[in-house]
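Here the structure is laid out as structure tokens; the discussion comes afterwards.
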Amino acid sequence: MTGPETQKPSPDNAQNSGPSNFIEELIEDDLRTGKWDGRVQTRFPPEPNGYLHIGHAKSICLNFGLAEKYGGKCNLRFDDTNPTKEEQEYVDAIRSDVRWLGFGWDDREFFASDYFDQLYQWALQLIRGGMAYVCDLSNDQVREYRGTLTKPGVESPYRNRSIEENLQLFERMRAGEFPDGSRTLRAKIDMASPNLNMRDPVLYRILHAHHHRSGDKWCIYPMYDFTHGQSDSIERITHSICTLEFENHRPLYDWFCDTLGIYHPQQIEFARLNLTYTMMSKRRLLELVREKKVRGWDDPRMPTIQGIRRRGYTPEAVREFCRRIGVTKFDGVTDIALLEHCLREDLNRRSLRVMGVLRPLRVVIDNYPAGECDHLEAVNNPEDPSAGTRTVPFSRELYIEQDDFREDPPKKYYRLAPGQEVRLRYGYFITCRSVVKDDKGQVVEVHCTYDPATRGGNAPDGRKVKGTIHWVSAEHALPVEVRLYDHLFMKEDPDEVDGAGLDWRSNLNPNSLEVVSPCYVEPSLAGAAPGGHYQFERLGYFNVDKDSTASQLVFNRTVTLKDTWAKIEKRETA
RNA sequence: UGGCCCUUGGUGUAACGGUAGCACGACUGACUCUGGAUCAGUUAGUCUAGGUUCAAAUCCUAGAGGGCCAGCCA
């Protein structure tokens, strides 16, 4: 997959379209006043402790999109300050996901861990300035001393050590003389601040852990707050965009930049993406994988980039979705129907049409000669004439969808039923004459006659049929496996639980995956490459899964087509 | 009972003191060799109470509702 690099400056473009959210307004103000000398420098700063999901896509589109729109740059920075959770596997996946979405970062790939030396120097500077101290309080004690939301904290008894002692102790922490958790380096700010983040926050903790990049060089690691702003500062970020939960951290972000006297970017917070029927927490997604509730990070039911990609989503659809949801400070919930709308819109434009039968019902055309075969012309994509046409084989025995036949049709059902005539897509008009049932009374075969004059689907006498159904020639059909997906959770809000003692897991949809096999598809699909997008006419969009083998194709149903009939039927039965 | 932030149709958003608009969804209808796509239309909104103003979704005050914060996670 080739991703375009960050695009060339397009300020004129920006002028024309105008700001489309509060962050763009702010940037345009800065551009007008020359606050950053006309620069726009953003960054996307994931922690490599899990796979990226659709929520991250919002942030990626925002940060890289802003850089594109205003002729700036966006860095990819891995925020890797916690060696116990971070792995190379995640770094690789993140790179590939950002590229898949269509963004590039040239050589601007950074790691917070590359700044560890500088961060250490800045810690020394704080100590020398009397703004930081080594604290011997235990984890539990620190919590007690911190106070509560309504009660001010109490100063640590180690708060007023001499600069010399702090320097020595901190050096010994770095040298590995103390066990994990025995000491921390803390900033000396204000234990009575109503903002708990300002109550002498921990800067460094002791962690004798192997880091995925720095190896065993360090046994003390900086905290997020002591790392993020300074990393932004080093990279000369202008607009440091993060999600709402970091709002309370902004005073601390500002305090470090100001106290250290270094370049000071502006932190701006926006609302993260929430989607109905979807769980976005990285921790819980990890649990789904570990507890084998799904088949892996790239399970097509997962909201991960890798999951939706495997499911058959396109980067264009995801980017359009991100454009449409906008950027605000309101923490709302977006209807997943909007995502699916953007998906269908893109897939409708690009997908080749084919015919495939998910739940086969045998049809015999009694007046069609056995052993004969006809080749009928079919349009590949009515939305794109340049996609051309193909030929589909027709013969005496066919498969149609079980749903497309009813022995006792409800009203307004214009598919196949005894005595009723329908059009076979691109084929002939056929009329149902009789049915064959098994011992249980199930219809297992439908006998029809066809009208040879309607070849191609048109009646020379101008008569109309209400229904057109899809089909495949039994003799020529390819048996394939199809995986049908539904929402992973049964409730719009997976956290809304039915009873005491239950958690979000109780809302997992037991029917989120249905494997159907054998299904039959037209022979033109032979050799279809993994990742290919197809529309199975009247059913939905399907994507060739990587589990496909030379002997059997596997399809994921990306999303169904809108189904008016299903809606009508549902309403009538309700 | 602390601090910070937020509140516009069912949902997501626009309106920058001057006609509340767009999209998704839902519902009609037209068209159709996909009950698809497309097209046309309908539905439905400024959290509440005060105040400022000729004029308030917008500014001010109070209230209500919601989110975040008491990791040596990010």
Side-chain angles (χ1 to χ4, degrees), chain A residues 20-21 25 45-47 49 79-82 84-86 135 137-139 142-144 146-153 180-186 193-199 201-207 220-221 223-225 227-228 242-251 269 271 276 282-283 324-342 344-345 348-349 353 355 378-379 382-383 412-415 423-427 429 454 456-459 464-470 492 535-540 560-569:
Chain A
S20 63
N21 59 56
E25 276 176 29
E47 181 189 10
N49 69 340
D79 215 339
D80 56 349
T81 57
N82 185 350
T84 65
K85 290 186 176 163
E86 296 145 7
C135 181
L137 255 25
S138 72
N139 202 324
V142 169
R143 191 184 317 121
E144 285 163 24
R146 185 158 33 224
T148 69
L149 296 176
T150 50
K151 281 209 316 276
D180 287 4
S182 59
R183 284 183 166 81
T184 55
L185 182 73
R186 301 176 67 182
S193 171
N195 182 343
L196 303 226
N197 293 124
M198 302 300 274
R199 320 242 263 228
V202 170
L203 271 35
Y204 270 89
R205 74 284 214 188
I206 302 173
L207 237 35
I220 56 171
Y221 290 92
M223 299 289 291
Y224 165 85
D225 285 309
T227 305
H228 203 92
C242 61
T243 44
L244 252 28
E245 66 269 29
F246 291 101
E247 234 163 356
N248 295 331
H249 293 249
R250 179 154 29 95
E269 309 86 14
T276 55
K282 258 187 185 181
R283 206 192 81 242
R324 289 209 203 186
I325 56 178
V327 178
T328 67
K329 299 194 69 152
F330 178 66
D331 186 24
V333 184
T334 298
D335 191 338
I336 198 164
L338 180 58
L339 211 212
E340 292 173 344
H341 168 81
C342 295
R344 290 192 181 100
E345 188 176 59
N348 177 50
R349 270 193 296 262
R353 270 63 170 174
M355 290 195 285
V379 174
E383 307 294 321
K412 289 205 252 175
Y413 182 85
Y414 16 97
R415 278 115 95 147
R423 173 189 293 111
L424 294 177
R425 178 81 158 150
Y426 300 124
F429 288 8
T454 57
N458 299 300
K464 303 285 186 198
V465 290
K466 286 170 287 186
T468 299
I469 64 175
H470 59 278
E492 282 198 14
Q535 183 197 99
F536 287 10
E537 294 217 23
R538 302 207 305 132
L539 296 177
T560 61
L561 244 26
K562 284 208 276 187
D563 190 345
T564 309
W565 169 247
K567 202 183 285 182
I568 293 170
E569 208 175 26

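Computed over heavy atoms, backbone and side chain alike; hydrogens, waters and symmetry mates excluded.
When atom types are taken as modelled, the side chain of A:Asn195 and the backbone of A:Asn248 share a donor-acceptor pair closer than 3.5 angstrom. A donor-acceptor pair under 3.5 Å is formed between the side chain of A:Arg199 and the backbone N or O of A:Arg146. Side chain of A:Glu569 to backbone of A:Trp565: no donor-acceptor contact under 3.5 angstrom is found.
When the C1' atom is used for both B:A56 and B:G50, the distance is 14 Å, rounded to whole Å. Going from the C1' atom of B:A55 to that of B:U19 covers 13 Å, rounded to whole Å. For the C1' atom pair drawn from B:U11 and B:G25, the interatomic distance equals 7 Å after rounding to whole Å. Atom name P, nucleotides B:A15 and B:C73: the rounded distance is 41 Å, in whole Å. To the nearest whole angstrom, the two P atoms, one in B:A44 and one in B:G21, are 13 Å apart. Taking atom P on both nucleotides, B:G29 is separated from B:U46 by 30 Å, rounded to a whole Å. Nucleotides B:U8 and B:A23, compared at atom C1', are 15 Å apart to the nearest Å. For B:C22 and B:C60, the P atoms lie 29 Å apart once the distance is rounded to whole Å.
Within the 4.0 angstrom heavy-atom criterion, base atoms lie near A:Gly181. Among the protein residues, A:Ile325 comes within range of the sugar-phosphate backbone only, with heavy atoms under 4.0 Å from sugar or phosphate atoms but none that close to a base. No engagement by A:Thr227 is indicated, since no non-hydrogen atom pair under 4.0 Å with the nucleic acid exists. A:Tyr221 comes within 4.0 angstrom of nothing in the nucleic acid, heavy atoms only. Within the nucleic acid shown, A:Thr328 comes within 4.0 Å of sugar-phosphate atoms alone, with no base atom in reach, counting heavy atoms only. If you check every strand for non-hydrogen atoms under 4.0 Å, A:Asn458 touches a base. Residue A:Thr184 is classed as a base contact, given a heavy-atom separation below 4.0 Å to a base. Base contact: A:Arg423 has a heavy atom under 4.0 Å from a base atom. Here A:His470 lies out of heavy-atom contact (under 4.0 Å) with every strand. Looking at heavy-atom distances under 4.0 Å, A:Leu203 makes no contact with the nucleic acid at all. Across all strands shown, A:Val333 has heavy atoms under 4.0 Å from sugar-phosphate atoms exclusively, and none from any base.
Side-chain nitrogen and oxygen atoms of A:Arg324 include none within less than 4.0 Å of the OP1 or OP2 phosphate oxygen of B:C22. Contact annotation: A:Arg146 side-chain N/O to B:G71 OP1/OP2 distance is under 4.0 Å. Neither OP1 nor OP2 of B:U7 sits under 4.0 Å from any side-chain N or O of A:Lys329. Regarding contacts with the backbone of B:G3, every side-chain N or O of A:Thr150 stays at 4.0 angstrom or more from both OP1 and OP2.
A:Asn195 contributes no side-chain N or O that forms a donor-acceptor pair with the base of B:G2 under 3.5 Å. With hydrogens and angles left out, the side chain of A:Asp335 and the base of B:C24 share no donor-acceptor pair within 3.5 Å.
Between the OG1 atom of A:Thr468 and the OH atom of A:Tyr414 there is a distance of 11.0 Å, given to the nearest 0.5 Å. Within the model, atoms CZ of A:Arg353 and CG of A:Asn348 stand 5.0 Å from one another, a figure rounded to the nearest 0.5 Å.
Across all strands shown, B:U32 remains unpaired; no Watson-Crick or G-U wobble contact has both distances below 3.5 Å. Pair assignment for B:U7: B:A64, on the basis of Watson-Crick or G-U wobble contacts that are both within less than 3.5 Å. Using the Watson-Crick or G-U wobble rule with both distances under 3.5 Å, B:C54 pairs with B:G18. Across every strand in view, B:G2 sits in a pair with B:C69 that passes the Watson-Crick or G-U test at under 3.5 angstrom.
Partners of A:Arg415 under the salt bridge (charged side-chain N to carboxylate O under 4.0 Å, His left out) rule, at least two apart in sequence or in another chain, are A:Asp404.
The side chain of A:Asn82 has B:C73 as its nearest neighbour among B:U8, B:C73, B:G2. When each of B:C4, B:A14, B:C72 is scored by its nearest atom to the side-chain atoms of A:Asn248, the top-ranked nucleotide is B:C4. In this structure, of B:C27, B:A14, B:G2, it is B:A14 that holds the atom nearest to the side chain of A:Asn21.
Comparing A:Gly457 and A:Glu47 by the nucleotide of RNA chain B that holds the closest heavy atom to each, the one mapping nearer the 5' end is A:Gly457. Toward the 5′ end of RNA chain B lies the nearest nucleotide of A:Glu247, the other residue of the pair A:Glu247 and A:Glu86 mapping further downstream.
Base orientation of B:G12: anti (glycosidic angle beyond 90° from 0).
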* Structure fact -> Contact string for nucleotides 34-40 of chain B, one letter per nucleotide 5' to 3', B = base within protein heavy-atom range under 4.0 Å, S = sugar-phosphate only, - = neither, reads BBBS---
